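These notes concern the structure reproduced below.
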Number of protein chains: 2
Amino acid sequence: MTPEKTVARLSLYRRFLKLAKDEGTSNVYSHQLADMVRGTSAQVRRDLMALGCSGSPQKGYDVNELIKHIDEFFNTSEVVDVILVGIGNIGRALLSYFKSGKSHINIVASFDSDRQKVDRVINNSKCYYIEELSKFVSENNIKTAILCVPASEAQQTADVLMHSGIKGILNFAPVRLKLPANIFVEDVDITMNIEKLVYFSSGKRK
Amino acid sequence: MTPEKTVARLSLYRRFLKLAKDEGTSNVYSHQLADMVRGTSAQVRRDLMALGCSGSPQKGYDVNELIKHIDEFFNTSEVVDVILVGIGNIGRALLSYFKSGKSHINIVASFDSDRQKVDRVINNSKCYYIEELSKFVSENNIKTAILCVPASEAQQTADVLMHSGIKGILNFAPVRLKLPANIFVEDVDITMNIEKLVYFSSGKRK
DNA sequence: TTCACAATGTGATTTTTTTCACAAGACAAT
DNA sequence: ATTGTCTTGTGAAAAAAATCACATTGTGAA
């Protein structure tokens, strides 16, 4: 029901709202939020309307209230548990990135097919042998996975994830995973991003 | 003129076309390409139409011809030179990711403010001290940068990039860069991606 | 030959997303 | 009090993107 783009922006709003809160700001105007996400104030107001929030023309929106609403929307005032599969360069970078504990994302375990990596604790999350993935996922009721295995192994690993009960996959492999429609896949495709960037930044019009 | 989404998909098509070519495939149907990018055949045909390509109902599209057209479209049958700024975990992962030489992206140099890292060669690209960035960029006419510095340094580094003549920035910092509109910025925001994923994969409707 | 099939190319339509634009309300300043 | 200035909330319009649907056309089987 909520537009996909709105969902994406809500995540961003929340991040900036928390920063604002930490700085002691208690209310914000739509145009301030707009600045933070490269959008327009009308868009922000629309998004917040979809959320069911409202502000006042005088004080704008209440920071705390907004955060609370977005937390509720994402239904995760608490942290979301996620697993990571494939401890290569990118995998490790992500482990490091999320170890801070500052975000809502908690990588509770990582998996790899290289026995050398097993049992090591990298940035707070213990590495398991890939064979244990299924058990871990079902026992801990994990729904989301970050997939960082090489392209050649991506599909088969994704199949394992699916059969284990994973419902959402953030896929870093430059491969289009074939999975049933009820599994939600989001691709992070850096090569594509750069090519797009090069295209649009070389004058070809925006 | 060409829709942004089409540009993104063209990059993907090319990747799969090259794989297909390597496997000896000489022509493809729109529905095959569609499968590879999670799209529909009509969409593929539209995209290719925008490109100015045409196929035949019998043989579909000619793989070589398509690749040639897309190369021309991106105007880079040759490799694109890019720099990377910030050699932290993500930076290193990207250096490794692109060292293969298989892609169109060539990271020609990297920069960091940590003198310890300077002069090391990581995955083919030499690391320079950040102060040398401006000179390097203008001398080598670099137009595109990958920004992987910590959030706290992102904006000031982006300013330097802009003043050096960079036109496109792939930004990994969880910060919205404020730059003039003629600089094209593409954000890679993993936290946001995961939050979106969690939202949509937990049944909240697609 | 004739028929059924499969795939392209593309108007037309629908859906999704963004933007416009303005009434309404509170405040500050005069 | 009156005026000018902000900003919200939101219909209405526009723009962007995806989808539908169908005429068209080789090809191979009957």
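Protein chains get the first letters and strands the later ones, always in sequence-line order, with residue 1 at the start of each. Nothing here was measured: the structure is a model prediction, and the numbers come from that model.
- Remark: aromatic rings of Tyr128(A) and Phe136(A) are close, center separation under 6.0 Å.
- Under the rule for a side-chain contact (heavy atoms from CB on, under 4.5 Å), the partners of Asp62(B) that lie at least two apart in sequence or sit in another chain are Asn64(B), Glu65(B).
- Annotation: side-chain contact (heavy atoms from CB on, under 4.5 Å) contacts of Ala93(A) (sequence neighbours excluded): Asn89(B), Ile90(B), Ala93(B).
- At a non-hydrogen distance threshold of 4.0 Å, Tyr29(A), Ser30(A), His31(A) from residues 27-34 of chain A come into contact with DNA chain D.
- Within a heavy-atom distance below 4.0 Å of DNA chain C, the residues of residues 40-47 of chain A found are Thr40(A), Gln43(A), Arg45(A), Arg46(A).
- Within the structure, the salt bridge (charged side-chain N to carboxylate O under 4.0 Å, His left out) test picks out no pair touching residues 152-172 of chain A (sequence neighbours left out).
- One finds a side-chain N or O of Ser54(A) lying less than 4.0 angstrom from the OP1 or OP2 phosphate oxygen of dG9(D).
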Please list each protein N or O that sits under 3.5 Å from an N or O in nucleotides 24-28 of chain D, with the distance.
from	atom 1	to	atom 2	distance (Å)
dG26(D)	O4'	Gln58(B)	OE1	3.3
dG26(D)	O4'	Gln58(B)	NE2	3.3

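- Not counting sequence neighbours, the partners of Lys117(A) by the salt bridge (charged side-chain N to carboxylate O under 4.0 Å, His left out) test are Asp112(A).
- Residues satisfying the salt bridge (charged side-chain N to carboxylate O under 4.0 Å, His left out) test with Arg15(B), not counting sequence neighbours, are Asp189(A).
- Between the side chains of Tyr61(B) and Asn27(B), not a single donor N or O lies within less than 3.5 Å of an accepting N or O.
- The distance between atom NZ of Lys59(A) and atom P of dG9(D), rounded to the nearest whole Å, is 15 Å.
- Atom CG of Asp62(A) and atom C1' of dT7(D) are 16 Å apart (whole Å).
- Residues in residues 27-38 of chain A take part in these salt bridge (charged side-chain N to carboxylate O under 4.0 Å, His left out) pairs, two or more places apart or across chains: Arg38(A)-Asp187(B).
- Not counting sequence neighbours, the partners of Ser41(A) by the side-chain contact (heavy atoms from CB on, under 4.5 Å) test are Ser30(A), His31(A), Arg45(A).
- For the atom pair CG (Leu94(B)) and CD1 (Ile122(B)), the distance works out to 12.0 Å, reported to the nearest 0.5 Å.
- Distance, Leu48(A) CG to dT7(D) P: 15 Å, rounded to whole Å.
- Using modelled atom types, one side-chain atom of Ser202(B) and one backbone atom of Val198(B) make a donor-acceptor pair closer than 3.5 Å.
- Atom pair Glu4(A):CD and dT17(C):C1' shows a separation of 11 Å (rounding to whole Å applied).
- Rounded to a whole Å, the NZ atom of Lys5(A) is 10 Å from the C1' atom of dT18(C).
- The aromatic ring centroids of Phe73(B) and Tyr199(A) lie less than 6.0 Å from each other.
- In this structure, Arg38(A) places its CZ atom 19 Å from C1' of dT19(C), rounding to the nearest Å.
- When the C1' atoms of four end pairs are superposed on the next four at each end of the helix from dT1(C)-dA30(D) to dT30(C)-dA1(D), using five pairs per end, the two resulting axes differ in direction by 0°, to 10°.
- Take Asn182(A) and apply the side-chain hydrogen bond (donor to acceptor under 3.5 Å, both in side chains) test, not counting sequence neighbours, and it matches no residue.
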